[in-house]
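All ligand and atom numbering here is 1-based and tracks the order in the structure.
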Amino acid sequence: MFDPIKKLKEHLRFASVSTDSQFKEGMAASQKFLAGLFSEMGLSVEVVDTDMHPIVLAKREGDLNWPHILIYGHYDVQPADPIELWNSDPFEPVERDGRIYARGAADNKGPQMAHIAAVAELLEENPNLPLRISFLFEGEEEIGSPSLLPFLESRKGELSQADLVLLSDTLSPSADQLVVTVGLRGIVVMDVEFTGPNSDLHSGLHGGAVYNPVQALCEVCASLHDSDNRVTVPGFYDGVTEVEEWEREELAQLGSDEEDYRKFVGVKALHSLSGYTAQESVRYLPTLEFNGIGGGYQGGGSKTIVPSKAMTKISCRLVGNQDPKKVGDLVRQAILDRTPEGILAKIDMGHQGAPYLVVPPGKPNSPDNAPVLLTKAFEAAKVAISEEFPNSALFLREGGSIPIIADIKTTLGLDSVMIGLFLPEDNLHAPNESMNIDVLKKGIRVSKSILRSLAG
Ligand code: BES
Ligand code: MN
């Protein structure tokens with residue numbers, strides 16, 4: 001019998017941090033673990049090397065008339081830092097209060113296990129299940145999936161034969177209320193470096209005569225939003241689309257309270273674009289965020305210098321038809337235009353991904369030509385969720401990004417059915433990440449039920 005909790009704990013012991021080359025061993029171990037697991041399940045496994053971290057493709061082939069479901073997951077995790085804030089070792093999973101604590105428990109090793117376990121159990125119950133399944137697991141999601149798009153393109157003929165993608169790498173609001181995610185924000189990131197004098201200068205000797213790069217950077221950064229929190233980059237909002245009435249109705253059912261949300265994030269006041277609630281801002285609007293800023297002296301005490309350099313990291317989240325390349329160029333150009341004379345700006349563009357939206361069946365703007373199996377999958381998800389959870393499913397757009405989901409749509413023509421299996425209290429990307437075991441167990445039953453109805 002497949003034991004999903006045991007398997008998940010095993011997987012969580014591998015420190016598969018993709019962004020830091022010190023964790024190469026953890027990455028390799030995690031990839032081998034998945035490959036081993038899939039072959040134990042009787043699937044044919046292919047490990048595809050890339051410039052960075054291998055892709056694991058495992059298949060259950062079968063009659064070409066059987067539906068073919070592509071299940072996506074990522075085995076890389078975020079760094080565990082700051083480690084001192086963890087209550088237990090991030091790579092030694094512990095069970096406490098119905099949760100498993102470990103880095104990657106929620107993002108994404110727990111939720112992906114729901115689908116792995118579902119397939120394992122279905123095949124144990126019925127070795128003749130009329131369904132073709134491909135697991136596509138990558139190790140670069142947390143660094144922008146640089147290898148996955150070229151892989152999709154090189155295997156387009158084969159992978160585009162699938163009917164739809166099924167995954168769980170998005171959020172639900174509570175253990176009682178699951179969300180079927182129908183949209184993801186796009187993303188574009190960049191590093192900005194301002195250089196003033198070619199070395200730090202004594203601020204007594206030179207302060208007042210040269211443009212301080214920290215000052216210049218603060219001025220430029222501050223100019224990128226107005227007092228209403230609207231981004232001031234010309235053309236930034238081009239391509240932002242209207243929100244459908246049904247989407248507002250779904251969101252209203254979430255019953256999210258602004259005051260509760262304010263307390264949850266721990267701020268004295270919220271700062272949404274005026275006219276929008278916090279939930280609307282996160283799900284429907286683009287943003288320009290500063291992810292970090294630095295420059296000059298950062299140590300204890302004081303140091304009287306005009307620093308040589310200042311730097312910031314920026315990420316923009318995108319919605320609708322916003323084009324990440326275009327938005328990245330606009331922001332870059334706005335920063336260059338606003339950089340004062342005497343300061344040299346260097347801007348390195350990082351990874352990017354387009355926004356994604358799929359309209360589920362039964363909505364006024366649902367496409368008439370949606371594939372039958374996609375419609376079936378959404379309907380099955382709705383039924384399965386209402387059988388397992390107290391509230392019926394909500395169909396909502398999400399504020400986070402999984403850039404490859406839009407790429408899968410453009411290259412393979414496939415839409416994704418995303419079952420949100422992590423919760424706000426799961427601490428994604430933060431210390432003490434955890435996965436709710438009850439949600440995972442119910443998630444397995446939901447996935448089984450969806451796959452069973454697709455198999456017909
Ligand atoms: N699982 C998340 C995406 C996510 C986060 C969905 C929150 C829903 C709610 C994913 O692993 C992730 O963190 N993605 C990055 C993408 C980036 C590194 C390209 C993100 O959203 O920052
Ligand atoms: Mn994830």
Side-chain angles (χ1 to χ4, degrees), residues 11-12 16-20 30 52-53 71-80 102-115 136-149 165 167-174 178-191 254 264-265 278-279 281-284 286-292 313-319 324 327-328 349-357 394-408 416-430 433-435 443:
H11 197 189
L12 289 169
S16 47
V17 179
S18 52
T19 194
D20 184 344
S30 171
M52 284 208 260
H53 306 296
I71 298 176
Y72 168 87
H74 64 90
Y75 64 86
D76 61 326
V77 302
Q78 286 275 319
R103 171 53 89 232
D107 190 5
N108 169 248
K109 291 173 179 174
Q112 71 190 218
M113 187 55 77
H115 302 291
L136 176 65
F137 278 45
E138 65 159 324
E140 299 178 358
E141 196 276 343
E142 301 290 0
I143 51 173
S145 305
S147 304
L148 197 53
L149 182 57
V165 181
L167 68 136
S168 288
D169 194 23
T170 50
L171 182 83
S172 282
S174 83
L178 244 60
V179 160
V180 178
T181 306
V182 296
L184 297 161
R185 288 200 284 190
I187 193 165
V188 55
V189 306
M190 66 195 84
D191 279 8
L254 193 59
F264 178 75
V265 291
Q279 282 297 321
S281 307
V282 166
R283 292 171 195 273
Y284 305 151
T287 61
L288 184 159
E289 298 285 350
F290 305 102
N291 308 125
K313 286 178 184 287
I314 294 177
S315 62
C316 299
R317 299 271 174 182
L318 313 175
V319 300
V327 173
M349 304 307 290
H351 60 75
Q352 51 179 256
Y356 175 74
L357 191 64
L394 291 176
F395 291 77
L396 293 175
R397 289 198 227 173
E398 175 58 63
S401 308
I402 313 172
I404 203 63
I405 299 303
D407 291 336
I408 288 177
S416 290
V417 175
M418 300 181 266
I419 313 293
L421 288 185
F422 53 68
L423 308 176
E425 60 271 27
D426 291 357
N427 286 349
L428 264 74
H429 295 204
E433 179 177 353
S434 68
M435 176 78 203

Using the test salt bridge (charged side-chain N to carboxylate O under 4.0 Å, His left out), find all partners of Asp76 that sit at least two apart in sequence or belong to another chain.
none
Checking a contact table here: which protein heavy atom is nearest atom 9 (C) of ligand 1, and how many Å away?
Glu398 OE2, 3.3 Å
Within the 4.0 Å heavy-atom shell around His74, which atoms of ligand 1 are there?
11 (O)
Pro403, portion touching ligand 1 at heavy-atom distance under 4.0 Å:
side chain
Give me the nearest non-hydrogen protein atom to atom 18 (C) of ligand 1 as residue plus atom name, then the distance to 0.1 Å.
Glu142 O, 3.5 Å
His74 atom NE2 and Asp169 atom OD1 as seen from the Mn ion (ligand 2), angle to 10 degrees:
100°
Mind checking what makes ring-ring contact (aromatic ring centres under 6.0 Å, His included) contact with Phe422, not counting sequence neighbours?
none
Contact check: Glu142 to the Mn ion (ligand 2), N/O/S below 2.8 Å
no
Short N or O distance, Ser401 and ligand 1, threshold 3.5 Å exclusive:
yes
Identify the closest protein heavy atom to atom 19 (C) of ligand 1: which residue and atom is it, and at what distance?
His351 CE1, 3.3 Å
Which part of Asp169 is near ligand 1, with near meaning a heavy atom under 4.0 Å away: side chain, backbone, both or neither?
both
Only residue of Ser145, Ser18, Ser147 satisfying side-chain hydrogen bond (donor to acceptor under 3.5 Å, both in side chains) with Glu140 is Ser147
Hey, is Arg185 one of the residues with a heavy atom under 4.0 angstrom from ligand 1?
no
Could you pull out the atom name of the N/O/S atom in Asp107 that is nearest the Mn ion (ligand 2)?
OD1
Give a yes or no answer on whether the side chain of Ser172 reaches the backbone of Gly420 with a donor-acceptor pair at less than 3.5 Å.
yes
Heavy-atom nearest neighbour in the protein, as seen from atom 2 (C) of ligand 1, with distance rounded to 0.1 Å:
Asp107 OD2, 3.8 Å
Within the structure provided, determine whether Leu288 and Ile314 are in side-chain contact (heavy-atom separation under 4.5 Å).
yes
Any side-chain heavy-atom pair of Ile402 and Thr170 under 4.5 Å
yes
Are Asp107 and Glu142 packed together at the side-chain level, in the sense that at least one heavy-atom pair is separated by less than 4.5 angstrom?
yes
Quick check against the 3.5 Å criterion: does Tyr356 have a side-chain atom that pairs as donor or acceptor with the backbone of Ser416?
yes
Once you restrict to heavy atoms under 4.0 Å, what part of Gln78 touches ligand 1? Side chain, backbone, both or neither.
neither
Do you know the tightest heavy-atom contact between Ser401 and Arg317?
OG-NH1, 2.7 Å
Numbered in order shown, the ligand 1 atoms found under 4.0 Å of a heavy atom of Arg317 are 20 (C), 21 (O), 22 (O)
Applying a 4.0 Å heavy-atom criterion (strictly less than), which segment of Gln352 is in contact with ligand 1: side chain, backbone, both, or neither?
neither
Identify the closest protein heavy atom to atom 11 (O) of ligand 1: which residue and atom is it, and at what distance?
Glu141 OE1, 2.7 Å
Answer whether the closest heavy-atom distance between the side chains of Glu398 and Met418 falls below 4.5 Å.
no
